[in-house]
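Reviewing the structure listed below.
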Amino acid sequence: METSVVKIDNVSFKYEGQEEYALRNVSLQIKDGEWLAIVGHNGSGKSTLAKLLNGLQYPNEGRIEIGGIYLTEETVWDTRRLIGMVFQNPDNQFVGTTVKDDVAFGLENNGVPREVMVERVRTSLQKVKMEQFLDQEPHHLSGGQKQRVAIASVIALRPKIIVLDEATSMLDPRGREEVLRTIRELKDDNDMTVISITHDLEEAAKADRIIVMNRGELYREGVPEEIFQMDEELVKLGLDIPFPVKMSKMLKEKGIPINKHYLTEEELVEQLWTSHSSK
């Protein structure tokens with residue numbers, strides 16, 4: 001039976017001095033081992049949700065449960081041990097003078113013994129394919145490499161859940177692809193839960209399930225194929241439809257036999273190749 005690792009129950013939140021609620025009556029459950037993408041335009045409430053999950057803010061109403069622990073000011077350090085956050089700008093996460101120092105920093109703070117720490121630093125960097133950069137200074141790395149080191153720092157702590165808060169938005173397409181592939185492999189190998197908070201629907205297309213936020217409310221949820229059938233409705237919500245989905249639609253309108261919205265360029269090319277070679 002699938003268990004829920006995060007339960008958000010009727011949560012509302014308003015920032016101090018604000019008239020409007022940033023979140024209104026949001027309820028959702030995140031399954032153990034799932035990749036969930038939370039999408040929405042700026043101001044939709046998705047980043048506020050990330051802050052609530054990490055205990056940077058607390059709900060005005062409703063409750064949040066993480067790994068069976070009800071999140072309060074008293075339990076916040078227990079829940080933070082279960083969640084690793086990867087933020088938008090990797091430079092803001094670097095604290096060490098070398099890559100290995102940086103990955104070791106969180107482990108030192110958690111009192112991990114030195115011999116365990118050395119091993120975890122090495123295996124975490126291996127997992128993100130950055131072990132050859134152990135003694136490099138972080139500012140010499142590319143954006144994608146920096147973000148992979150930031151991910152290594154998080155996974156070294158062995159969290160149950162990784163939250164990507166706009167973690168690929170500053171990367172070029174290649175760096176973004178690198179990071180998302182790394183996360184997918186880590187998720188599958190370690191049975192981790194991934195929560196990706198993003199406005200990028202190409203990133204969201206790689207998730208198992210998508211939640212669309214709008215004006216602080218949960219607007220729609222479903223698997224990527226269901227969400228992309230919303231089509232123009234997504235554009236009205238300020239979201240850009242992924243290129244392969246747009247292209248699938250255009251080809252279909254031109255009379256080319258496309259039987260669904262393809263979420264990746266590879267799938268679309270495969271379909272076009274198959275239909276062309278079968279003629």
Side-chain angles (χ1 to χ4, degrees), residues 5-6 30 33-40 46-57 66-67 76 79-96 99-107 109-110 120-121 123-131 133 136 138-139 141-208 210-211:
V5 71
V6 175
I30 302 169
E34 175 179 34
W35 182 327
L36 175 75
I38 301 174
V39 304
K46 64 186 190 304
S47 289
T48 300
L49 205 47
K51 288 178 186 152
L52 292 177
L53 286 171
N54 203 30
L56 295 171
Q57 302 282 359
I66 296 166
V76 67
T79 59
R80 277 186 187 164
R81 283 194 189 97
L82 301 174
I83 291 187
M85 301 281 290
V86 183
F87 297 100
Q88 185 174 27
N89 188 345
D91 289 324
N92 295 344
Q93 285 179 258
F94 284 123
V95 285
V99 163
K100 70 178 176 201
D101 290 344
D102 198 75
V103 179
F105 181 78
L107 298 170
N109 280 352
N110 280 327
R120 283 220 210 155
V121 167
T123 55
S124 301
L125 285 166
Q126 241 173 0
K127 282 177 178 172
V128 299
K129 300 182 175 58
M130 289 295 290
E131 68 273 25
F133 295 92
Q136 274 269 25
H139 65 264
L141 304 175
S142 72
Q145 289 171 330
K146 285 177 181 175
Q147 200 58 295
R148 284 194 283 160
V149 172
I151 292 164
S153 304
V154 166
I155 60 169
L157 294 164
R158 308 274 165 89
K160 200 169 174 50
I161 304 158
I162 282 194
V163 178
L164 306 173
D165 189 7
E166 299 283 6
T168 65
S169 65
M170 292 180 72
L171 303 179
D172 60 26
R174 188 176 168 188
R176 184 179 301 135
E177 191 54 50
E178 252 175 37
V179 165
L180 292 174
R181 189 167 53 245
T182 300
I183 291 285
R184 171 61 71 185
E185 285 167 7
L186 289 169
K187 176 198 165 304
D188 293 344
D189 293 348
N190 301 281
D191 200 28
M192 283 190 315
T193 303
V194 177
I195 303 168
S196 162
I197 291 168
T198 181
H199 63 270
D200 178 4
L201 292 188
E202 296 214 14
E203 178 179 325
K206 293 175 169 43
D208 302 320
I210 298 176
I211 279 176

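Residues Ala50 and Asp165 come closest through the heavy atom pair CB-OD2, 4.0 Å. Across Ile83 and Leu53, no two heavy atoms sit closer than the pair CD1-O, 3.5 Å. The two residues Gln147 and Gln88 come nearest to each other via the heavy atoms NE2-O, 3.6 Å. Shortest non-hydrogen contact noted between Leu141 and Lys146 is O-CE, 3.4 Å. Looking at every heavy atom in both residues, Glu166 comes nearest to Lys46 through OE2-CE, 3.2 Å.
Remark: the backbone N or O of Asp91 is paired with a side-chain donor or acceptor of Asn89 at under 3.5 angstrom. Side chain of Arg184 to main chain of Lys206: a donor-acceptor pair is present (N/O by atom type, distance under 3.5 Å, no hydrogens or angles). Although no hydrogens or angles enter the test, the distance criterion places no donor-acceptor pair under 3.5 Å between the side chain of Thr168 and the main chain of Leu171. Of the possible donor and acceptor atoms, none in the side chain of Glu34 sits under 3.5 Å from a partner among the backbone N and O of Asp208.
Side-chain contact between Lys129 and Glu185: present, with at least one pair of heavy atoms (C-beta onward) separated by less than 4.5 Å. Two residues are said to be in side-chain contact when any heavy atoms from C-beta on lie closer than 4.5 Å; Leu180 and Trp35 meet this criterion. For the pair Phe105/Asp101, no side-chain contact is recorded, criterion being any heavy-atom separation below 4.5 Å from C-beta on. Looking at heavy atoms from C-beta onward, Leu186 lies in side-chain contact with Val128 at the 4.5 angstrom threshold. Considering only heavy atoms from C-beta on, Lys127 stays 4.5 Å or farther from Asp189 through its side chain.
Here the CD1-CG distance, from Ile30 to Leu36, works out to 5.0 Å after rounding to the nearest 0.5 Å. In this structure, CD1 on Ile210 lies 9.0 Å from OG on Ser196, to the nearest 0.5 angstrom. Met130 contributes atom CE, which lies 13.0 Å from atom OG of Ser124 (distance to the nearest 0.5 angstrom). Annotation: the span from Glu203 atom CD to Leu201 atom CG amounts to 10.0 Å, rounded to 0.5 Å. Here Ile211 contributes atom CD1 and Ile38 contributes atom CD1; the two are 5.5 Å apart, rounded to the nearest 0.5 Å.
With sequence neighbours excluded, no residue forms a side chain to side chain donor-acceptor pair (under 3.5 Å) with Asn54. Evaluation of the side chain to side chain donor-acceptor pair (under 3.5 Å) rule for Glu178 yields Arg148 as partners, not counting sequence neighbours.
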Identify all side-chain donor-acceptor contacts of residues 149-162 below 3.5 Å with residues at least two apart in sequence or on another chain.
residue, atom, partner, partner atom, Å
Ser153, OG, Asp102, OD2, 3.3
Ser153, OG, Val149, O, 3.1

